[in-house]
Every structure is written in C-alpha cells, then in structure tokens.
Amino acid sequence: MDKIANLNQKVINSGKTQKSGAARAFKFNPFDSEFRADPYPTYHRIRFEEPVHRNFLGSWVLTRYADVQAVLRDPRFRSDNLPQRLKNKNPYLKDQHKDLNALAGFSSKWLLYLEPPDHTRLRSLVGKAFSPSVVERMRPQIQEVVDELIGKVQQRGSMDIISELARPLPMRVISKMLGIPQEIQSQVYQWANDLSTIFDPLNSLESFAHMNQVILKFSESLSELIAQREKKPQQDLISSLIAARNEADKLSNNEILSLCMLLFATGEETTVNLIGNGMLALLRHPDQMEKLKREPTIIQSAVEELLRYDSPIQGISRIAIENVEIGGKKITAGEQVIVYLGAANRDPAEFSEPDQLELTRSDNRHLAFADGLHYCLGAALARVEGQIAINSLLQRLPDLKLHIDTLEWRKNISLRGLLALPVTFTPD
Ligand code: HEM
C-alpha cells in the first residue's frame, strides 16, 4: 500500500463508517439523508476505494485534492452550461405557455459561464470592487451591520444564527455595495433569495419557471435604478459600472443587470453557510471556540480552517471538452465531472489530521473558493464578513450553546448549509 492509500485508510479507520471487507464498488448517492448530515466518511471511503468514481447518473466524481485542483486549473474542462440546460427545458413548459428564456439569457452573461475574452473583460471591470484592499476598507460598515443585528437579540438570551445574522448580513452588504435604495431592499432580498438556489441541480421545472418570473421583475427594477444613476451617479458599484459602460463601450446594459443579479445569487447562500457551518463547528468543539474567544487575533486562520473543515460549497460541476485521462480512467469529451471541494479539503494527502478542527492550522491551501479561472470573485469579502460575524458572536454573546437536538440541512446537493442554527447565551 502506498503512502497516500495508507493515509486514507487511517482516516477511514478513525471514522464511524468503516466498512468490512476488501474494496468493493458501492453506490454513491448524494441525495441520501445520512450523507447530507455528514458527507465526510463517505468522501473518505470513495477516495480510498475509487477516487475517480462514476456515479449512478453517469457523472464522474472526484474526491482527491490533487485531481480536484488539476481539473479546476485545466482549460480542457469548462463550467457546466446552465444557460443551455435551461433552454433545453423550454419544450416541457410549452403547454403551460411558459419558458425559461429570461433566466437562460441573463445567466448566460454570468462570469461562471463565460470564457476569455468575455470573462477577462467582465471580471476586470468588477474585480477592483472586490479586491482585498477595497474590501478591507469596508470593515467598519460590515461591523456596523453585525453590531446592529446582534444588538437586536442580545437581551433575549437566544437567537437563530442563520435567520437573524448569517442571512441578512450578506444581503445588506451586497445591497450597500451596489447602492440598492432602502425602499426596495426588502423586495430585492426576496428576489435574491428566490434566485439563490438556481445552481441546485434538484430544482423542479416549476421552481425554474418561478425564477424566470423573478429575474424579469428584478431586471425591471434594476433597470430603473440604472436610469436613476445615469442621471445622478453615486459612490456605488452600479454607478462605476455605468461609467465603465460609457467608457469605450466596455459593458452593455444587460451585462450590468446580469452582474448585479450574479452578485446576489453567488454572494448570499455561500456566506450564510460559512457563518452557519463555521459556528456549528465551533459549538461542537468547545476547546477551539474557547481558544478563539481568548485570542480573537487568530480569526483569519480560524476562518480559513472553518472554510476547509465544512465547506459552504461542497461540489461544483465541469464538462470535459476533450478526452482526458484521470487516475487511469478515461473521461470522454462531453461528460460531466463533479469536483468535490468538500472532499478535497479533507484529503489526508494534503492536510494532516484532516478531520480535526485546528484553528491555527498552517499551510492551509483549501479549495473552498475553487481554483483557476473561476476562483471566487467574492472571496475577500466573504472572508471579512465571516471574520467579523464569528468574532462578534463570540465576544458579545457569553456562554453560547447549541439549542437543537436534530440539525436540519438544506436539501441542496452542491451547497452545504443549515436551515436554522438556534443557540442560547447569557443575556446582556
Ligand atoms: C464563503 C462564501 C463563499 C464561497 C465558499 C464561495 C465559493 C465560490 C466557488 C467555489 C466558486 C467557483 C464556482 C465554479 O467555478 O463553478 C465561486 C465563484 C464566484 N463567486 Fe463565490 N463564494 C463565496 C462568496 C461569494 C461572495 C460574497 C460573492 C460576491 C458578492 C461571490 C461571488 C462569486 C462570483 C461572481 C463567482 C464567479 C467567478 C468567476 O466565474 O470568475 N462569492 N465562489
């Protein structure tokens, strides 16, 4: 047995779900509720038994860090073409006189589905607003929102971290960056919420049809806002995108609308899961929570470890555009490959004691924000939001305890997040 196999076997042995007997093919089912509750023993098992695995739907499943990273960096793999998949569903909606054209049209301009040169052009236009130095300057505003949200519950002695902090925070931050006026904020939050599951392969035809209606209303409202900003520019991202559009036609109006919607669709649920999964991990590891409470300055490495330990996005999809061989298996052009970031982040070949939560872990090159061309645009922002939210909860709410017996996870096979995270604490 080679070194990596040894490491994998060690991790499997230390887990709860060691299976007896020699390696045998098994059916990996990401829809299984046991898997949803704790995917990590299954990842270890697949990585050990069949690291390049073909699932029962015919897609390839990758769980090794090296394979996941290589695919994300390899131009022979493209993002899954959601806009085309949406268009392909149109015939099934014809009888109801509905279609998914608006959803397919706007999402086709999303960075996630673009390749250079369009990807390069759009990403460079928004990239500056999300650069670490610009985001650092947003710390006081983010702290203000967190303080306000915690202030609302501080005297109560209990809260749901998801609905009362993790969800409103990213919505408010993105709205502020874009310059969404107060009067339409709650409507925009509702639309953004409806769109936040767009990446979930489990969506029904009805929910896609609903999103199509949402995106039409959302774009109408944003178009009015763009018209207002054209007349009277402000210090916000919409105004700077308009300026970029006016300068040598670098950007079309539809691209501005699509970008705004993309930021809501990608920035909300992911950040909710960072704060939710991160707080859950701390509540389940009181020694680590105590350490962070005593030494809040370790928050940067703590958030990196929380992102690694229970990653907000577990799996993302790619399509091979050429035949490629991985681990002795032939992936044929056109086939889907699901790269499990959550599994890569627990690979013992990359991380020592991968199932341990170690807030001061060094050399933590996790893949929670992916890698390559589509590396997360909002990584710096998510990090700062996570750092401020988690440190503030620990510093301001003494004696934090989990207040639920059975946790409920969202039924989403790509994102990993809790429906609610009720806690108690000593009131102020
Ligand atoms: C902890 C929170 C977050 C996590 C874990 C996360 C993770 C990711 C991942 C894995 C990807 C790659 C998707 C793929 O290649 O298929 C991605 C892309 C992206 N993310 Fe995030 N994200 C987070 C927060 C945010 C925020 C706050 C924003 C913006 C407000 C954002 C905006 C984007 C955009 C625009 C892309 C597409 C980039 C491109 O294609 O060039 N993300 N994110």
Side-chain angles (χ1 to χ4, degrees), residues 68-69 71-75 77-82 107-116 118-127 129-132 134-135 138 142 166-167 169-178 180 192 195-196 198-201 237 255 258-279 303-319 336-342 344-345 366-390 414-417:
V68 169
Q69 188 179 51
V71 165
L72 290 172
R73 291 178 173 185
D74 189 336
F77 291 92
R78 294 269 165 92
S79 292
D80 191 1
N81 194 340
L82 174 77
S107 61
S108 69
K109 296 188 172 52
W110 285 358
L111 285 169
L112 288 164
Y113 307 115
L114 296 178
E115 292 290 316
D118 280 337
H119 181 272
T120 323
R121 173 177 58 88
L122 283 184
R123 186 141 176 159
S124 68
L125 285 172
V126 274
F130 288 90
S131 69
V134 171
V135 169
M138 290 164 62
I142 297 173
R167 192 164 295 285
L169 175 63
M171 286 285 202
R172 291 197 28 190
V173 172
I174 302 165
S175 290
K176 176 95 184 132
M177 282 182 88
L178 287 171
I180 306 287
L195 285 180
S196 67
I198 188 169
F199 307 109
D200 185 3
L237 188 52
E255 283 172 335
S258 299
L259 264 172
C260 296
M261 294 191 268
L262 170 69
L263 297 178
F264 278 109
T266 48
E268 186 207 351
E269 206 62 39
T270 47
T271 310
V272 174
N273 297 348
L274 161 60
I275 299 169
N277 300 359
M279 282 305 297
V303 164
E304 297 313 303
E305 176 66 346
L306 295 168
L307 282 161
R308 180 198 73 81
Y309 184 78
D310 205 6
S311 306
I313 299 187
Q314 289 281 307
I316 55 181
S317 173
R318 292 290 186 263
I319 305 290
Q336 185 185 42
V337 177
I338 305 169
V339 292
Y340 274 92
L341 309 173
N345 287 339
H366 65 75
L367 297 174
F369 292 117
D371 202 339
L373 186 69
H374 298 286
Y375 179 82
C376 178
L377 173 80
L381 178 61
R383 285 179 160 121
V384 168
E385 288 181 61
Q387 291 164 13
I388 294 178
I390 292 171
S414 152
L415 293 161
R416 175 167 170 76

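Counting convention: from 1, in listed order, for ligands and their atoms alike. Hydrogens, waters and symmetry mates are skipped; everything else that's a heavy atom, side chains included, is used.
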Side-chain donor or acceptor of R318 paired with backbone N/O of V337 under 3.5 Å: no

Rounded to the nearest 0.5 Å, the NZ atom of K109 sits from the CG atom of L122 at a distance of 10.0 Å

Considering only heavy atoms, does I316 approach ligand 1 within less than 4.0 Å through its side chain, its backbone, both, or neither? side chain

With heavy atoms only and a cut-off of under 4.0 Å, state how W110 meets ligand 1: side chain, backbone, both or neither. neither

What residue and heavy atom of the protein are closest to atom 3 (C) of ligand 1, and at what distance? T270 CB, 3.3 Å

Region of R318 engaging ligand 1 - heavy atom pairs below 4.0 Å: side chain

Ligand 1 versus L114: contacting region, heavy-atom distance under 4.0 Å: neither

Subset of ligand 1 atoms that lie under 4.0 Å from at least one heavy atom of I313: 7 (C), 8 (C), 9 (C), 10 (C)

With a heavy-atom distance limit of 4.0 Å, tell me whether L373 approaches ligand 1 through its side chain, its backbone, both, or neither. backbone

Counting heavy atoms only, which of P312, A129, C376 comes nearest to atom 42 (N) of ligand 1? C376

Nearest-neighbour protein heavy atom for atom 13 (C) of ligand 1, which is reported as residue plus atom name and distance: L112 CD2, 3.6 Å

Close approach of H119 to ligand 1, heavy atoms, under 4.0 angstrom: yes

Hey, which atoms in ligand 1 end up nearer than 4.0 Å to a heavy atom of L274? 1 (C)

Can you sort out which atoms of ligand 1 are near A368, meaning under 4.0 Å from one of its heavy atoms? 5 (C), 7 (C), 10 (C)

